[in-house]
Each structure stands twice: as structure tokens, then as C-alpha cells.
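I have placed the structure first, in the form of C-alpha cells, so that the comments after it can refer back to it.
Bear in mind the structure is a predicted one, so any value in this text is a computation, not a measurement. First listed ligand is number 1; within each ligand, the first listed atom is number 1.
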Amino acid sequence: MSSHTESQRYLSTRGGSYDFSFEEAVLKGLASDGGLFIPEEVPSLPSNWESEWKNLSFEELAFNIFSLYISPSEIPPADLKDIIHRSYSTFRSKDVTPTVTLDEKRNIHLLELFHGPTYAFKDVALQFLGNLFEYFLVRRNEGKEGEEREHLTVVGATSGDTGSAAIYGLRGKKDISVFIMHPHGKISPIQEAQMTTVMDANVHNLAVDGTFDDCQDFVKALFADPEINSTHRLAAVNSINWARILAQITYYFHSYFHLARQPSFTSHSAVRFVVPTGNFGDILAGYFAKRMGLPIQKLVIATNENDILHRFWQSGRYEKKPVHGNEAAGGEPLDGVQAHESGVKETLSPAMDILVSSNFERLLWFLAYDVYSTNSDAVAQRRAQAGDHVKGWLDALKSDGGFRVDDMIIEAARKDFSSYRVSDSETLDTIKKVFTSITPGYVLDPHSAIGVAAALRDTQQDADAEAQHVALSTAHPAKFANAVHDALNGEKGYSWDKVEPEEFKGLEDKEKRMTIVKKSGGWQGVRTIVVKEVEAER
Ligand SMILES: *Cc1c(COP(=O)(O)O)cnc(C)c1O
């Protein structure tokens, strides 16, 4: 690790690309070899970070952290500050991501990540990514006119939260069009309203008369299509984009300092972050914070019934489906969960319903780098070896549906992480328990409840009694009305009116704009719409 990064470069986890700039990594999204971009060096913190950073605001912290990953020659400091300011002044809380104490007795805190424009944690990253895209394009287009100007066409699929956060991050941005596909009528009314009531000319909602998987297939087909790629610069906003991970590192520091300012906190206080996890993006940012030097004792993974990560930490096998029925998963029965054709289960926490976690590949690279090489190897060789290992594992995932890692790898993974799996019924119980007794009146959303459930279990099982647990709260409860009703209907003091924010009231009745897309028209039908609507916009 270098203490100071004059020029931060990026490489692909599968070893096929090195020496990319931050801008290239962000605009490309995915590396050409199918791998994900990571920084060539994880920067370590300046020696006086703890005293110097302790009282900084969220924006100031973001600036200090981002500066370690983005060379000043790429984005001059004044510009970076401006991008950060524009990204976080849209949040409703002056702390941007406040930490509140949920359970004083057990030292459980909540890091509230839902104060952005769409009321979910993805805003923290997508507000920043939208401004970054615009900044790069404006710079590339300086002095150019008309057809000469570079234009970015963002294409994505959503089953709910990502779509609205992406639309709010990109609405009204110059030289960028955004197309978000969702399964028509299959997302919650409030999520649909959040997306389709945005009237900016560069926002295009495509409602597909199929499933989320159909939408995702269309996106993949477009990215693989030479024809549209020869005329349009396509970009992705899903959680594999490096800038999204980077943006999420800030709140681990921000929350740590909040705890550190409490009188009872000492340098011996262990801090454990508990993260409701789907694609492994949110918790991976915590891993970067830890690797940089933030004293995090453990990162605790909390999954729902889609538990590939939990099974990995139990068994060292990463596989789409467990081989021995449910044994490898810890033996608890799976209650009342429906299985998709693809193997994904529908749960009360849909943003975590995944088969494989795309960002896990980034952790695998660091595990291989640490375990399989020695310091006497040249650094270029160590990196290449790590890339080879990752490529081998990911190839096996594709061809055999899974792979097993060596004991040394799983042991290394267990040093930094532990994991819990939480069922739908425990999720509902937790919402109820918090509301009625732990912090009377506080309403959790189902994703956040999974984190709190895991934190409660962790206080009983793994952690020392003094440990401080911070559970990440990833969405506002009003976004998941059904689960919240199921948990709290009839409880004294509960009313939907108090849960629902003013901004949501009447949203479903506002004017909506979307294009209905027939699945039978195939991805070529989508291509025709994209080309036509971009043309009309320019
Ligand atoms: C996306 C999302 C998650 C999962 O985050 P990952 O980075 O995919 O692990 C959890 N909760 C909510 C509400 C989300 O939108």
C-alpha cells in the first residue's frame, strides 16, 4: 500500500486490463475481459487522519477520501468539491447520513442512508455518479457543437430501487439520456410513480410487458450489440460501477466519527458494521474503509433467503444452488418463499433478491492477492496471479454453477467478515420488536430490519459485550408498505399516515410518462425505441 497516491490507476479483477484512469474506469463500467475495475493501490490514511478528520462534515470527509482515489490531475480539487457539494445538497438531512442510537443497552446504532431524493441508500452513490458523468461529458464536449458532441446513453433494468435512484441522479443532465426498463405493473405503485412522474426530457421509462429477467436480458443484448455500440456510447449505472463503491466509503468514516465523539467511546471500543447485502456493493465499501485503516473489527453480512454469501462464509463454496439441499446453508427451513425459474426467491426485501453477488468478485481479487503471493514477488506479478485466480473462479461459476476456495482463502475472508441469514418471518418480527419495545415508535423497512436482526444475533453470539454495532438502514419504510403493514397493522400507535413522507402523498395521482414495450418485439424493438428517442432529444 502506498501512503500517497500521486496518480491512482485502475485494473481489471480478471487481469485483462491495467493502468486505466479513473475517468476510463467510470465511463466504461465493466472491463473488456468481463472483470470489474479496482484501484491498483488501496490508499492508506494520512497518519493524523483520526484527529484531523474527526469533526469534518460529510462533504469534507467525502472530499478527503475521494482525493485518495482520484488524481488531482484528473479532477482538480475545486471541481471535485463542487461535484460533491452538488451531489449531497439534495439530501434532506444536514448530516446526509446520520447515525442514530437504536438500542442503548446493547449498543446498537442505525446508520440512516435513506435521506436522499428517492428515500433509499442508492442515492448516496447515484447522485454522485450522475454529476460525475455530466462533468466528464461537459469537459469532453468543450467547444464542440451539434453532432460532434459526445452523448452518453445510459441503459438499465430495475425491479424497483435502482431505477428511481438512477433517474434522480441523471435527470436534466446535459448530453446524457437515460433509459430504464421495468416490468410493467410488477413493481410497487410508489416505485413506479417515483420513476414515471419525472418529466425531464432526457428520462425515458420503458415498461416491458414481461418480468424483471426479461428487462435484464434486453439490457445485456443491447450492450452486446455491435450496431448500437457503433452509433451510441452506452453506459451502465448498476452497482458494478467503481464510482458507486467509492461514494459509499464516506459513510463508514462518517458513522465511525459519530461514535468516536461519544463520551463513552474509547480507543478499545470495537466497531462492527452490519450490512443488509445483495450485490455486495454496500459492504464492499466498508471493506475498502477497513483496508485503508479505519478500525472496523468486523463487517457483518446480513442476507435474506437468497443466501449465496452466507453459504460461502459457512462452507467456502460459492454456488448458485446448494448441493446438499439446505444443509450447507445452516439447516433452517426456508419458510414460505417462492422460487423463480432462475432460482431467485421472492422475499420481503426485494432489493436483496439476487442469485449471485456481482461485487463479490472484487473481494475475491484481494483475498487471492493477499493469500497466494508473497512480498518478495514483484507487485506486477502478484497482481497478475490474483487476476488469474479470479478468472478461474468466475469461469467455474459460469460453467459449473459454482466453485470452492482453499481453506486459506475462506480463513482470510472470515478475519474481516461474518454472516447471518434472516428469514421473512424474522424480518417481520424485527420490525415489530423495534417498534413496540426496542425504540418505541421507530419504523424499520424490511431491508434495514434484516440488518438489525443480524446485529441482535451478533450481540448474543460473536461479539464482546462492549462492541458497538452499527446496522446500515438502506431504505425508508414508506417504500415497502406491504411488509410494514404486515408487521405493524393493529399495533398501538401505528398509522400509515405517520410513516408516509409528505413527498409521497399524491405522487401516484400525478401525470406519468412511460413507453409500453412489447416483449414480443425483442431487444431489437427496444433498440429502435432507444435510437428514435435519443434522436428526438438531440
Ligand atoms: C440495493 C439495496 C440493498 C443491497 O445493497 P448491495 O450493495 O446490493 O449489497 C439493500 N437494501 C436496499 C433498500 C437496496 O436498495
Side-chain angles (χ1 to χ4, degrees), residues 36 97 110-127 129 156-169 182 187-188 190-191 194-195 212 237-249 251-252 273-289 299-310 312 344 347-363 417 419-422 427 430-431 443-454 471-484:
L36 310 185
T97 58
L110 261 193
L111 169 49
E112 294 183 339
L113 301 175
F114 53 76
H115 296 288
T118 74
Y119 291 78
F121 100 98
K122 290 186 171 66
D123 287 327
V124 178
L126 283 161
Q127 285 288 303
L129 185 63
T158 190
S159 54
D161 270 359
T162 307
S164 52
I167 286 170
Y168 275 77
H182 72 265
I187 60 176
S188 81
I190 191 72
Q191 287 176 324
Q194 277 188 308
M195 294 200 291
F212 171 60
V237 286
N238 47 15
S239 75
I240 50 118
N241 197 302
W242 164 252
R244 286 187 57 177
I245 308 294
L246 176 60
Q248 293 166 181
I249 297 174
Y251 48 71
Y252 286 90
F273 284 98
V274 189
V275 189
T277 303
N279 259 325
F280 207 73
D282 199 357
I283 198 164
L284 185 78
Y287 178 75
F288 275 94
L299 292 157
V300 182
I301 297 160
T303 76
N304 65 20
E305 302 277 10
N306 295 288
D307 60 350
I308 183 167
L309 292 165
H310 178 65
F312 174 79
V344 181
T347 71
L348 295 175
S349 41
M352 293 157 60
D353 288 350
I354 47 90
L355 202 58
V356 297
S357 299
S358 34
N359 278 293
F360 181 61
E361 178 169 348
R362 289 186 159 115
L363 175 67
F417 296 88
S419 79
Y420 295 92
R421 182 188 56 192
V422 177
T427 305
T430 306
I431 295 174
V443 181
L444 290 171
D445 103 285
H447 304 81
S448 309
I450 286 179
V452 171
L472 275 58
S473 176
T474 52
H476 190 284
K479 295 198 82 168
F480 299 94
N482 290 346
V484 172

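Short contacts between ligand 1 and Gly281, defined as distances under 4.0 Å to a heavy atom of the residue, involve ligand atoms 6 (P), 7 (O), 9 (O). Residue-ligand proximity, Ala475 to ligand 1, at heavy-atom distances under 4.0 Å covers atoms 13 (C). Taking every non-hydrogen atom of Thr277 and a distance limit under 4.0 Å, the qualifying atoms of ligand 1 come out as 9 (O). Here is the list of ligand 1 atoms found below 4.0 Å of a heavy atom in Gly278: 4 (C), 6 (P), 8 (O), 9 (O). With ligand atoms numbered from 1 in the order given, ligand 1 contributes 13 (C), 15 (O) to contacts under 4.0 Å with heavy atoms of Asp161. Short contacts between ligand 1 and Phe280, defined as distances under 4.0 Å to a heavy atom of the residue, involve ligand atoms 6 (P), 8 (O), 9 (O).
With respect to the salt-bridge test (charged N to carboxylate O, under 4.0 angstrom), the residues Asp445 and Lys479 do not qualify.
Ring-centre distance between Phe280 and Phe360: below the 6.0 Å cut-off.
Considering backbone and side-chain atoms together, Asp445 places no N or O closer than 3.5 Å to any N or O of ligand 1. Between Phe121 and ligand 1, not a single N/O pair is under 3.5 Å apart.
For the 3.5 Å distance criterion, the side chains of Asp353 and Asn306 qualify, holding a donor opposite an acceptor. Using modelled atom types, one finds a donor on one side chain and an acceptor on the other under 3.5 Å when comparing Asp282 with Tyr251.
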